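Model, not experiment: these values are computed from the prediction.
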Amino acid sequence: MRESLTLGVLGGMGPAATLDLLAKIQAYTPAERDQDHIRVLVDINPKVPDRNTPGSDAGDVLAEMAGALAGAGADVLAIACNTAHAYADIIQHAAELPLIDMIETASVAARNTGAHRVGVLGTKGALRLYREYLAAQNLATVTLDASGQDRFMDGLYRIKAGDLGPEVVAVIQAQAETLIQQGAQAIIAGCTEVPLVLDPEALSVQLIDPTEHLARRCVAVCLGYEAIPVMVD
């Protein structure tokens, strides 16, 4: 058996979501001893500018992080943030490493549910990405109206502030239920904070957790069960 690849994770957006990804990577790795786990290099950098602020220099900071992970020995990258995938090309070229794409991974998972209309809970930036990737899977995207999106973002920032209480849970669940009422046959938790509060059992349709699917794919790629993603020039 060949030596496993080293995974580099760009994280800190936010820190709790990054820890969720790392915990799932560990949980989904078939291991009988410490040495069976994959090596993970992670930069938990909460100083990355807000990806939702127009004109921020988030891309420059993420590129610097990616280059540092490559220099430290990473073979392949993952980003523990949906919205930050808007900078995927910059990140890959800065590091000269392939990226295991969370948006692509979750969109394929949505297709595999058999749904035709998929609701997405995410930032405006993440929604733009998911529309593109879901369309490539011949799936329609269902999103919140402006007021619902504002309520979602308010709940999201409360989660980032550490509020995981019942009121925030109710806000996020209510927005998921709105998407279902609009015809969504599956829901993508298109922000890495959403799985921290939204219980899949509370919904009448399948909840797709991109963090979970990314973790499983990272393990598969690093252990050689799945091909390394191809970098696009």
Residues in side-chain contact (heavy atoms from CB on, under 4.5 Å) contact with [X], at least two apart in sequence or another chain:
X    : answer
P166 : none
A70  : A95, L97
V205 : I180, I187
R151 : S147, Q175

Just wondering, do [Y] and [X] contact through their side chains at under 4.5 Å, heavy atoms?
X    : Y    : value
T18  : M13  : no
P210 : Y130 : yes
Q149 : T143 : no
E177 : I172 : no
I79  : V9   : no

[atom2] on [Y] to [atom1] on [X], rounded to 0.5 Å:
X    : Y    : atom1 : atom2 : answer
L214 : I25  : CG    : CD1   : 6.5 Å
L77  : T6   : CG    : OG1   : 11.5 Å
T141 : E132 : OG1   : CD    : 10.5 Å
L5   : I38  : CG    : CD1   : 8.5 Å
I91  : M65  : CD1   : CE    : 8.0 Å
D89  : Q92  : CG    : CD    : 6.0 Å

For [X] against [Y], the heavy-atom pair lying closest together:
X   : Y    : answer
L21 : T211 : CA-CG2, 3.6 Å
A74 : L41  : N-CD1, 3.7 Å
P15 : P46  : CG-CB, 4.2 Å
G59 : Y87  : CA-CD2, 3.5 Å
V48 : A58  : CG1-CB, 4.2 Å
V76 : C222 : CG1-SG, 3.9 Å

Residues 120-129 side chain polar contacts: donor-acceptor under 3.5 Å, at least two apart:
unit_1, atom_1, unit_2, atom_2, d
T123, OG1, N52, OD1, 3.4
T123, OG1, T83, OG1, 2.6
T123, OG1, A126, N, 3.1

Taking [Y] as the starting point, is it possible to reach [X] by hopping between hydrophobic residues whose side chains are less than 4.5 Å apart?
X    : Y    : answer
L10  : V221 : no
L69  : L22  : no
M153 : L164 : yes

ask   = Can you list every pair that meets side-chain hydrogen bond (donor to acceptor under 3.5 Å, both in side chains) and has a residue in residues 56-67, with sequence neighbours left out?
value = none

request  = Name all pairs fulfilling the side-chain hydrogen bond (donor to acceptor under 3.5 Å, both in side chains) condition that reach into residues 34-47, sequence neighbours left out, sorted by first residue then second.
outcome  = R33-D36

Side-chain donor-acceptor pairs under 3.5 Å in residues 191-204, sequence neighbours left out?
unit_1, atom_1, unit_2, atom_2, d
E193, OE1, K160, NZ, 3.4
E193, OE2, G14, N, 3.0
E193, OE2, K160, NZ, 3.2
D199, OD1, E201, N, 3.0

request  = Applying salt bridge (charged side-chain N to carboxylate O under 4.0 Å, His left out), name anything that partners E32, two or more places apart in sequence or on another chain.
outcome  = none

ask   = Quick one: salt bridge (charged side-chain N to carboxylate O under 4.0 Å, His left out) partners of R51, sequence neighbours excluded?
value = none

request  = Report the C-alpha separation of Y157 and V168 in whole Å, then their side-chain angles, then the decisive distance to 0.1 Å, and conclude whether the side chain to side chain contact (heavy atoms under 4.5 Å, CB included) test is met.
outcome  = CA-CA 10 Å; Y157 281 113; V168 172; over 6 Å; no

message = Please determine whether side chain to side chain contact (heavy atoms under 4.5 Å, CB included) holds for the pair Q185 and Q206, giving the CA-CA distance in whole Å, both sets of side-chain angles, and the decisive distance to 0.1 Å.
response = CA-CA 8 Å; Q185 298 164 314; Q206 184 170 340; over 6 Å; no

Could you pull out all donor-acceptor pairs under 3.5 Å where a side-chain atom in residues 98-116 meets a protein atom, sequence neighbours excluded?
unit_1, atom_1, unit_2, atom_2, d
D101, OD1, I103, N, 2.8
D101, OD1, E104, N, 2.9
D101, OD2, Y133, OH, 3.4
E104, OE1, R217, NH1, 3.4
T105, OG1, D101, O, 2.6
T105, OG1, R217, NH1, 2.9
S107, OG, I103, O, 2.8
R111, NH1, Q137, OE1, 2.9
N112, ND2, V108, O, 3.4
T113, OG1, A110, O, 2.6
T113, OG1, A115, N, 3.1

remark   = In L134, L179, T178, the residue satisfying side-chain contact (heavy atoms from CB on, under 4.5 Å) with V142 is L179

task = Hydrophobic side-chain clustering at under 4.5 Å (ILVMFWY, transitive links): who's grouped with V171? Put none if nobody.
result = none

